[in-house]
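Below, chains carry the letters A, B, ... as their sequence lines are ordered, and counting in each starts from 1.
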Amino acid sequence: MTPVIEVRDLYYSYEDGAQALSGINLTVGTGETVALLGANGSGKTTLLLHLNGLLTGRGTVLIGGVPLTPSSAQRLRAKVGVVFQDSDDQLFLPTVLEDVAFGPLNQGHPPAEALRRARAALLSTGLAGIDDRAPYHLSAGEKRRVALAGVLAMEPDILILDEPTTYLDPPAQRNLARLLLALPQPKLIATHDVRFAAAVAHRAVFLAAGKIAAQGTVEDLAKQYDWDWASFSPRP
Amino acid sequence: MHIPDNFLSPPVWLALDAISLPLVGWVARRSFRDSDHTATPRLGVMGAFVFAAQMINFPVGAGTSAHLLGGALLVSILGPTATVLVMTTIVAMQAFVFQDGGVLALGANVFNMALAGVVAAALALRAFRRFPSAALFLAGAVSVLASAFLALAELLASGVHMPPALLWASIGLFAVSAVVEGAITLAVVRAVSRLNSRWLSLPSQAGRGPLAAFSLAALLMAVAAFFVASSQPDGLQTLAARFHISSQPILPAPLAGYSMSLAGPPWLGRASAALAGLLLAAAACLALGRFLARRRSA
Amino acid sequence: MRHHRIAGWSLLDSPLHRRDARAKLLATLLFLLALALAPQSSALAAVPFALVLLAALFFARLPLLPLLLRSASVLPFSIVFALIEWASGHGPHGGALLAKSYVSALAVLLLAASTPMPSLLHAMESLGVPRAFVLIAQSLFRYLFVIAEVAQRMRLASLCRGGTSPLRPSAGFRASAGSLAVLFARSQQRAHGIHMAMLSRGFHGSLPLAVRPRFRPSDAGFLAAACALGAALYLSVTLR
Ligand SMILES: Nc1ncnc2c1ncn2[C@@H]1O[C@H](COP(=O)(O)OP(=O)(O)O)[C@@H](O)[C@H]1O
Ligand SMILES: [Mg+2]
């Protein structure tokens, strides 16, 4: 079976010379949720932005077996839904409903159909009844779910989430985990929250300085890199 | 310098609406056609930055503080064309949302702040690009001077009375604001370039043209400003007589009676005296810019 | 932020709020035009206009005093000029300037307080304002809060650490320049993030509109009434 995401030998350096990715190889299979662990600045965001062609480095990215090129990017972007780390980046329209309908409208759906999809997505993220609210008045957890709804409304085949637990308190994190577990799409989730990763992901890859340093279960990687609070002994 | 509605006479605001609104519309349509318009929302964020930047106070001594106006700063970051678009949007938003500046006077305010101020800053940056610090200082200063003097001239041409003492006081105030804006622009651009010099888009080459244009524009404006200023030796009465503004008969068409009589022999002598004064002031400005630049880079 | 409250007012419901934004925009322009062309000879000329506005305020079910106070932001400028006029013996003209500029500001505020920003922008676009301005205004309006909040936090942080000391103005000046540069960097980052997020949801340069406003017969009626009223107001103060 073709993997939904396949990355081969991906290198990328930013304009100012910083080598952000050096030789990434990664596959995500159908129905699989993969956690992308790694410290701040290890290259998680950079890698995710390659998966819908917003950045293009040296190497190959295949989405559902189709190579991602500048000419195929616009089409493949509809299949790969990216939820950004900062919801304020994503929610730029004046009302929640309009913002969620933005993607479907860009896909060329007529307004009525776009609104229907937007309402369905809001319902599936548990946000019925806030259609006309302004995004900047929502709580962090609500914003995150609106951002997710905006992506789900495009009915993507693959979900990519960049540090989805940022700014969320534990109850909101649990809500989000439940929501993600209920969604059927394969997912790639960048995070440095080990417990969240363990709750939602089948397996994990550990990114360090632009390279995949290890792969395995979330628990193993957390132990290996001393990332788990469980091994932390606070007071003597 | 946001002029509210009803301070400008109908011929003045109508003329400026008719000039500047189609002009900025043309700039918008042109730049929308031949650039990647998916990036246009980024300009809005830059506009929001200018708004927010005005919340940061700069101490300017004597216990007072000032804030950035932003035209010249935007020019040195976005270049003149994009700055015209952003400044126009800001001025319009101030009029419609904050009641800061009139809606009928929008053309005038756009002309002063989004066109003349931006063009003046861009010309200064080009003309003096060999001396970047002086260019930045001057860009900030002349953008404020251009906007303020135009606003003053429009008010005077509309028959708003202004005793000479007050006129000179406002000119002094403009000079102070110009120096402050120049200093802030220079300091901020330097701080930005320390963070990441690729954010700046300062002109890389310039011919004689911009320098000549800059000088010519400065000259014209100086003559115009000082002509207006010195044309009213005894203030109000002269103006009232000249523009037939106050105590107009009520019935006739509202546009009648605003004709301006420009010619007159005595203005020539006064204007040339004014010109000499202005050249002195410009030289002082330049020297101050160089001095500040040297001190900051030291 | 000052426009938080205007944004709140604009979401209320009233006969005026329900009118199409294009009709309201045109009616406001007509009103301003009639007022501007009315004679400048005395403040009395503004009275009928003010009465009409007060009636509209009433129909819009907006709080009277806050709106009256807010449009007073035009007064500092107007009062200075009115005083000058008065001191130079043109008292009535000064009074007219004062009254007319205040009434104009109130009229524009009424438009902003009864029309949500997105509808107003859309109305402007359909009346010929180039899309570039609409796009810029939309993201400016949206991110004003976000960036102003950053500025506010930075100011507090600097105060907490004794940043602005009135005793050392030069140090303060440089510190302010530094924090403005950082504010710029954050805005730049924000702009980049938004751009990426928009592209990844398929943005290709035009903001599609989910809910298309309709220009109903009642809006046409409103506009016609505004025309008639504007003309009547102009004639009433001109022929008097
Ligand atoms: N726009 C950018 N320009 C230059 N360097 C960048 C940019 N974005 C990220 N980097 C650098 O690339 C590296 C990887 O960053 P990033 O992918 O954001 O990491 P993560 O998401 O894991 O925190 C970091 O060293 C960061 O400093
Ligand atoms: Mg990241």
K.L.:
Of the non-hydrogen atoms in B:A52 and C:I147, which two are nearest, and what is the gap between them?
P.N.:
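Smallest heavy-atom distance, with atoms named: CB-CG2, 3.5 Å.
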K.L.:
Check each atom of C:L121 against the heavy atoms of chain B and say whether the ones under 4.5 Å are side chain, backbone, both or neither.
P.N.:
neither
K.L.:
Side chain, backbone, both or neither: which part of B:I77 has a non-hydrogen atom closer than 4.5 Å to chain C?
P.N.:
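For B:I77, the side chain is the part near chain C, not the backbone.
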K.L.:
Between C:L29, C:V74, C:L33, C:L109, which residue shows the highest count of heavy-atom pairs closer than 4.5 Å to chain B?
P.N.:
C:L109
K.L.:
Using non-hydrogen atoms and a 4.5 Å limit, figure out which bit of B:L85 sits close to chain C: side chain, backbone, both or neither.
P.N.:
both
K.L.:
Please classify the contact between C:L111 and chain B as side chain, backbone, both or neither, with a heavy-atom cut-off of under 4.5 Å.
P.N.:
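Looking at C:L111, just its side chain touches chain B.
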K.L.:
Indicate the atoms forming the closest heavy-atom contact of B:F98 with C:S73, along with that distance.
P.N.:
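The answer is O-OG, 4.0 Å.
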K.L.:
How many angstroms lie between atom CD1 of C:I136 and atom CE of B:M87, to the nearest 0.5 angstrom?
P.N.:
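Output value for this atom pair is 12.0 Å.
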K.L.:
Rounded at 0.5 Å granularity, tell me how far CZ in C:F81 sits from CD1 in B:I3.
P.N.:
8.5 Å
K.L.:
For the residue pair C:E85 and B:V160, establish whether any side-chain heavy-atom pair is separated by less than 4.5 Å.
P.N.:
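Yes, their side chains come closer than 4.5 Å.
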K.L.:
Which region of C:L106, side chain (C-beta onward) or backbone (N, CA, C, O), has a non-hydrogen atom less than 4.5 Å from a non-hydrogen atom of chain B, or is it both or neither?
P.N.:
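It is neither, since no heavy atom gets under 4.5 Å.
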K.L.:
Relative to chain C, which segment of B:V24 carries a heavy atom at a distance below 4.5 Å: side chain, backbone, both, or neither?
P.N.:
both
K.L.:
At a heavy-atom separation under 4.5 Å, does C:T28 approach chain B through its side chain, its backbone, both, or neither?
P.N.:
neither
K.L.:
Measure B:A92 against the heavy atoms of chain C and call it side chain, backbone, both or neither at under 4.5 Å.
P.N.:
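For B:A92, there is no contact with chain C at all, as no heavy atom is under 4.5 Å.
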K.L.:
Side chains of B:P41 and C:Q138: closer than 4.5 Å at any heavy-atom pair?
P.N.:
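The answer is no; the side chains never approach within 4.5 Å.
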K.L.:
Do B:F7 and C:S78 come close enough that some side-chain heavy atom pair is under 4.5 Å?
P.N.:
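In short, these two side chains touch, coming nearer than 4.5 Å.
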K.L.:
In terms of heavy-atom proximity below 4.5 Å to chain C, should B:L166 be classed as side chain, backbone, both, or neither?
P.N.:
side chain
K.L.:
Which answer fits C:L32, side chain, backbone, both or neither, if we ask what part of it has an atom under 4.5 Å from a heavy atom of chain B?
P.N.:
both
K.L.:
So which atom in C:A105 and which in B:Q99 form the shortest heavy-atom distance, rounded to 0.1 Å?
P.N.:
O-CG, 3.4 Å
K.L.:
With rounding to the nearest 0.5 Å, note down the distance linking CE in B:M46 to OH in C:Y143.
P.N.:
12.5 Å
K.L.:
Are B:L73 and C:F184 side-chain neighbours, meaning at least one heavy-atom pair lies under 4.5 Å?
P.N.:
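B:L73 vs C:F184: side chains apart.
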K.L.:
Supply the atom-to-atom distance B:M93 CE to C:M117 CE, rounded to the nearest 0.5 angstrom.
P.N.:
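Here the interatomic distance stands at 3.0 Å.
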K.L.:
If you count heavy-atom pairs within less than 4.5 Å of chain B, which of C:G94, C:A137, C:A96 leads?
P.N.:
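Max contact count across the listed options: C:A137.
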K.L.:
Looking only at heavy atoms, what is the nearest atom pair of C:V108 and B:A95, with distance?
P.N.:
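In this case the closest contact between C:V108 and B:A95 is CG1-O, 3.5 Å.
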K.L.:
Between atom CZ of B:F49 and atom CG of C:L144, what is the distance when rounded to the nearest 0.5 Å?
P.N.:
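Result: 13.0 Å between the selected atoms.
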K.L.:
Verify, without hydrogens or angle tests, whether B:D5 (side chain) and C:S104 (backbone) share a donor-acceptor contact under 3.5 angstrom.
P.N.:
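Between the backbone of C:S104 and the side chain of B:D5 there is no qualifying donor-acceptor contact (under 3.5 Å).
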K.L.:
B:V45 and C:S139: which non-hydrogen atoms are nearest, and at how many Å?
P.N.:
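That would be N-OG, 3.8 Å.
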K.L.:
Flag the one option from C:A36, C:S10, C:A112 with the top tally of heavy-atom pairs under 4.5 Å to chain B.
P.N.:
C:A36
K.L.:
Tell me which of these, B:F96, B:W199, B:W13, has more heavy-atom pairs under 4.5 Å with chain C than the rest.
P.N.:
B:W199
K.L.:
Using 0.5 Å steps for rounding, measure from the CG atom of B:N6 to the CG atom of C:L35.
P.N.:
5.0 Å
K.L.:
Could you tell me if the side chain of C:Q188 sits less than 4.5 Å from the side chain of B:R42, heavy atoms only?
P.N.:
yes
K.L.:
Out of C:P130, C:S71, C:P92, which one racks up the most heavy-atom pairs below 4.5 Å with chain B?
P.N.:
C:P130
K.L.:
In terms of heavy-atom proximity below 4.5 Å to chain B, should C:L183 be classed as side chain, backbone, both, or neither?
P.N.:
both
K.L.:
So which of C:A113, C:S101, C:G128 has the biggest tally of heavy-atom pairs under 4.5 Å with chain B?
P.N.:
C:S101
K.L.:
What is the minimum heavy-atom distance between C:A185 and B:L195, and which atoms define it?
P.N.:
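The answer is CB-CD1, 4.0 Å.
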